[in-house]
Amino acid sequence: MPEYLFVFTVTPVQGFILQSRKVKDMYESSILLSHIIENVINGLQSNFTGRFKLIFPAKEVKTKPNRMLCKINCENVKEVGNMCKQYALECISKRINYVLESIGKEKDTNFSNEFETQVNNYFNYYWAAEEFTEEISIYRDKYLELEKLMGAIKNIKNFNQPGKNQEGEAGRKCSLCGERDALIYKPKPESVYPAYLNKSAKIDYKGNLIDINEGLCAVCSIKRLYSTKKEKYSTTAEIALMDTIFKIDNDTILEPYRKIFNSNFDEQLYFKENLSNDYFDKNGISRKYLDTALSLYSNIEKQGKLVKAKFSKYYAIIMFDGDNMGKWLSGDSNFLKGDVDLEKFHNVFSRKLGEFGNNLYNDENLKFPKAKIIYSGGDDFLGFINLTHLFDTLILLHKQFREKVSKDDELLNFKNESKCALTLSAGITIAHYKAPLNMVLSNVRKSEKQAKGTDEDVNKKDRFNISVLKHSGEYLEFRYKWESITNAEVFSMCNVLKQISVTLKNNYFSNNFIKNLQKELAIFKEIKYNDEQNLSDIVEIEIKRLVKRSELKSNDIKKTKFEDLLKNVVVLYRNSENLENFLHTLEAIDFIRKEIN
């Protein structure tokens, strides 16, 4: 019986996840793609017992990527491809049926058909196979051919064009994606329905999962109206406040306040600015509860001051991805030994990445009140971080990857003697809880690409890029290598950022040295200064002078604190790719320390 190297993938991924307005949209998008691949793997395993060998992803990975690679023995590989598509459609159909039943439209044939059509036209399923023959049975050759074949197949885009007598979708568009007709709409009580709604649209949705005046298409409905887990989904406001909620953690204070709103409670109500008639009207909350809410909120404010907790309105989102994964998987001689058994490497690599992804998923330091994981597949990750725990979480993620993957003895056996190592690059975006989530997601994806850089030189990767989207519209961005060597000493750059932030937070020094540095060094951003060494000497002398002048506390540890802060600021400067990067870093640190507990 012929043996094939077989790959299956479902798309789109980034577009599906990025088109989100709520954390729930993101989570359910990611989980659906993971469940599709899991259903495909389970289906093939049960139908080809003893003839199916999974390579990527590892079976144990909790959140699987959108792609599956395996070896399979079969008579007709086309049937295998069709089976994979059917397994994927089965998984999606479960969501479709769940949503239709939840809105009472499962027996409405016209609506159901239009709903299913939107979903089925959205997803694409691709597969490719390479047969192992007597002439060519080398796994490496088959894998490289398979990758080329899959790339060629994915370049051919499928689309559905309306027929001659069909109108296509000409109605009001979905509030989430803006691409397809909205089929489920939640009107304002006793309001006039908007014009151009799809004729089949359900316009009397009364649940809490869709906002007033929000309309969703079928594709966006299967992530908003489907619930994988029973517990409440997080919101960006909750992520921004997780550490504060944890510190207050007094049911006699928080619980009575939450009960006022019942199912309408949202963590945005922990911000006093939202205790207003406008907010209550917009979210369907009766105004009669406003005075009681303001009264109980005063107790929350008092408790917050007592435990020194800030009601920060900012949170962070992180996306990271392994560097040069294509080259590692292809067996590039710059990364792996020339005579390496690529199939064996794939199996070990898949298992190690799976273990790493699961370790992160189970790590208590990546749960409330520090972080919320959306996706952890091993070589890529998406999650939220409370701002107070930002630097500690970044240090943890990089340390875990280095210990579980980069320096794993089993993987090192495959690596050649070059300096190329298994690394990751991360994009981090800090944003206001009211910032549109799809905009924040687009920015963090861009930030990750900035961390990886466009240069083919592998040494340009292994970095993190942090961008700050202030509610005022101001934008800051900076990037660094995860680790640097300065004066023969190895520094974790995230730890350097943390130490500067903590020192300023504890009021040992004024932030005036940051403002003065920006003023004095601004001229060097505008002119071309040819003597770089002389400029560096000037900047470092000025750093020392201004840091010294900014001391606030006079005590026994004054000298040590000065030396530590000076060393950390100098390390930042020496490892910045340019002066603007350095100044943005200092300004961002000053901003972050004002927002953390």
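If you read the sequence from its start, that first residue is 1, and numbering goes on from there.
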K.L.:
Any ion pair linking Arg67 and Glu147 (charged N to carboxylate O, less than 4.0 Å)?
P.N.:
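Looking at Arg67 together with Glu147, the answer is yes, because their closest N to O distance falls below 4.0 Å.
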K.L.:
What residues, two or more places apart in sequence or in another chain, satisfy side-chain contact (heavy atoms from CB on, under 4.5 Å) together with Tyr279?
P.N.:
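Listed in chain order: Asp266, Gln268, Leu269, Asn274, Ser276, Asn283, Ile285.
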K.L.:
Considering residues, nucleotides and ligands other than Lys505, do more than 12 of their heavy atoms fall under 6.0 Å from its NZ?
P.N.:
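It does: Lys505 NZ has more than 12 such atoms within range.
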K.L.:
Does Lys399 come within less than 4.0 Å of Glu483, counting only side-chain N to carboxylate O?
P.N.:
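Not counted as a salt bridge, because no side-chain N and carboxylate O are separated by less than 4.0 Å.
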K.L.:
Going by ring pair (Phe, Tyr, Trp, His ring centres under 6.0 Å), name the residues that satisfy it together with His35, two or more places apart in sequence or in a different chain.
P.N.:
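For His35 there are no ring pair (Phe, Tyr, Trp, His ring centres under 6.0 Å) partners, ignoring immediate neighbours.
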K.L.:
Are side-chain N/O atoms of Asp243 and Asn597 paired as donor and acceptor at under 3.5 Å?
P.N.:
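The criterion, which ignores hydrogens and geometry beyond distance, is satisfied for Asn597 and Asp243.
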K.L.:
With sequence neighbours excluded, what pairs up with Lys470 under the side-chain hydrogen bond (donor to acceptor under 3.5 Å, both in side chains) test?
P.N.:
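Counting only residues at least two positions away or on another chain, Lys470 forms a side-chain hydrogen bond (donor to acceptor under 3.5 Å, both in side chains) with Glu474.
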K.L.:
Verify the neighbour count for atom CZ of Arg549: are there more than 12 heavy atoms of other residues, nucleotides or ligands below 6.0 Å?
P.N.:
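No, the 6.0 Å shell around CZ holds no more than 12 heavy atoms from other groups.
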K.L.:
Does a side-chain N-to-carboxylate-O contact under 4.0 Å join Asp363 and Lys367?
P.N.:
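Here Asp363 does not pair with Lys367 in a salt bridge, since their nearest N and O are not under 4.0 Å apart.
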K.L.:
So, Asp323 versus Ser425: side-chain donor-acceptor pair below 3.5 Å or not?
P.N.:
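Looking only at side-chain atoms, Ser425 and Asp323 do form a donor-acceptor pair, the distance falling under 3.5 Å.
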K.L.:
Restricting to side-chain hydrogen bond (donor to acceptor under 3.5 Å, both in side chains), what partner residues turn up for Glu489, sequence neighbours left out?
P.N.:
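Partners of Glu489 by the side-chain hydrogen bond (donor to acceptor under 3.5 Å, both in side chains) criterion come out as none, since no residue qualifies.
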K.L.:
Whether the Ser467 and Thr429 side chains hold a donor-acceptor pair (N or O, under 3.5 Å, no angle test) is what I'd like checked.
P.N.:
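A pair is found: one side chain offers a donor N or O, the other an acceptor, under 3.5 Å apart.
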K.L.:
Hey, is NZ on Lys519 packed in by over 12 heavy atoms from elsewhere, all under 6.0 Å?
P.N.:
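No, the 6.0 Å shell around NZ holds no more than 12 heavy atoms from other groups.
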K.L.:
The criterion is side-chain hydrogen bond (donor to acceptor under 3.5 Å, both in side chains); which residues satisfy it with Asp392, sequence neighbours excluded?
P.N.:
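For Asp392, the residues satisfying side-chain hydrogen bond (donor to acceptor under 3.5 Å, both in side chains) (neighbours in sequence not counted) are Lys498.
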K.L.:
Once side-chain contact (heavy atoms from CB on, under 4.5 Å) is applied, do any residues pair with Asp379, and if so which ones, sequence neighbours excluded?
P.N.:
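Asp379: side-chain contact (heavy atoms from CB on, under 4.5 Å) contacts with Asp321, Met325, Leu353.
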K.L.:
Using salt bridge (Lys or Arg N to Asp or Glu O under 4.0 Å), reason through Lys404 and Glu355 one step at a time and then give a plain yes or no.
P.N.:
CA-CA 8 Å; Lys404 304 294 183 182; Glu355 290 172 359; over 6 Å; no
K.L.:
Can you name the residues that form a ring pair (Phe, Tyr, Trp, His ring centres under 6.0 Å) with His346, not counting sequence neighbours?
P.N.:
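Testing His346 for ring pair (Phe, Tyr, Trp, His ring centres under 6.0 Å), a comparison that skips the adjacent residues, returns Phe56, Tyr139, Tyr143.
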K.L.:
Under the side-chain contact (heavy atoms from CB on, under 4.5 Å) rule, collect the residues that match up with Glu214, sequence neighbours excluded.
P.N.:
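Residues passing side-chain contact (heavy atoms from CB on, under 4.5 Å) with Glu214: Arg21, Ser175, Ile210, Asp211, Leu216, Arg224.
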K.L.:
Checking Arg445 now: which residues fulfil side-chain hydrogen bond (donor to acceptor under 3.5 Å, both in side chains) with it, not counting sequence neighbours?
P.N.:
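Partners of Arg445 under the side-chain hydrogen bond (donor to acceptor under 3.5 Å, both in side chains) test: none.
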K.L.:
With sequence neighbours excluded, what pairs up with Ser484 under the side-chain contact (heavy atoms from CB on, under 4.5 Å) test?
P.N.:
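Testing Ser484 for side-chain contact (heavy atoms from CB on, under 4.5 Å), a comparison that skips the adjacent residues, returns Thr486, Phe491, Met493, Val571, Asn575.
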K.L.:
Using the side-chain contact (heavy atoms from CB on, under 4.5 Å) definition, which of the options Ile374, Leu397, Val444 pairs with Ile318?
P.N.:
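Considering Ile374, Leu397, Val444, a side-chain contact (heavy atoms from CB on, under 4.5 Å) with Ile318 is found only for Leu397.
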K.L.:
Would you check if there is a donor-acceptor pair between the side chains of Lys62 and Asn358 at a distance under 3.5 Å?
P.N.:
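No - no donor-acceptor pair under 3.5 Å links their side chains.
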K.L.:
With sequence neighbours excluded, tell me which residues meet ring pair (Phe, Tyr, Trp, His ring centres under 6.0 Å) with Phe401.
P.N.:
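Once residues adjacent in sequence are excluded, the partners of Phe401 under the ring pair (Phe, Tyr, Trp, His ring centres under 6.0 Å) criterion are Phe356.
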K.L.:
More than 12 heavy atoms of other residues, nucleotides or ligands under 6.0 Å from NZ of Lys407: yes or no?
P.N.:
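Open: at most 12 neighbouring heavy atoms sit under 6.0 Å from NZ of Lys407.
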K.L.:
Do NZ/NE/NH1/NH2 and the carboxylate oxygens of Lys515 and Glu587 come within less than 4.0 Å?
P.N.:
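The answer is no: the pair does not qualify as a salt bridge.
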K.L.:
Phe123: which residues meet the ring pair (Phe, Tyr, Trp, His ring centres under 6.0 Å) condition with it, sequence neighbours left out?
P.N.:
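With neighbours one apart ignored, the set is Phe16.
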K.L.:
More than 12 heavy atoms of other residues, nucleotides or ligands under 6.0 Å from CZ of Phe265: is that the case?
P.N.:
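Count over threshold, so yes.
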K.L.:
Would the number of heavy atoms belonging to other residues, nucleotides or ligands and lying under 6.0 Å from NZ of Lys302 be above 12?
P.N.:
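Open: at most 12 neighbouring heavy atoms sit under 6.0 Å from NZ of Lys302.
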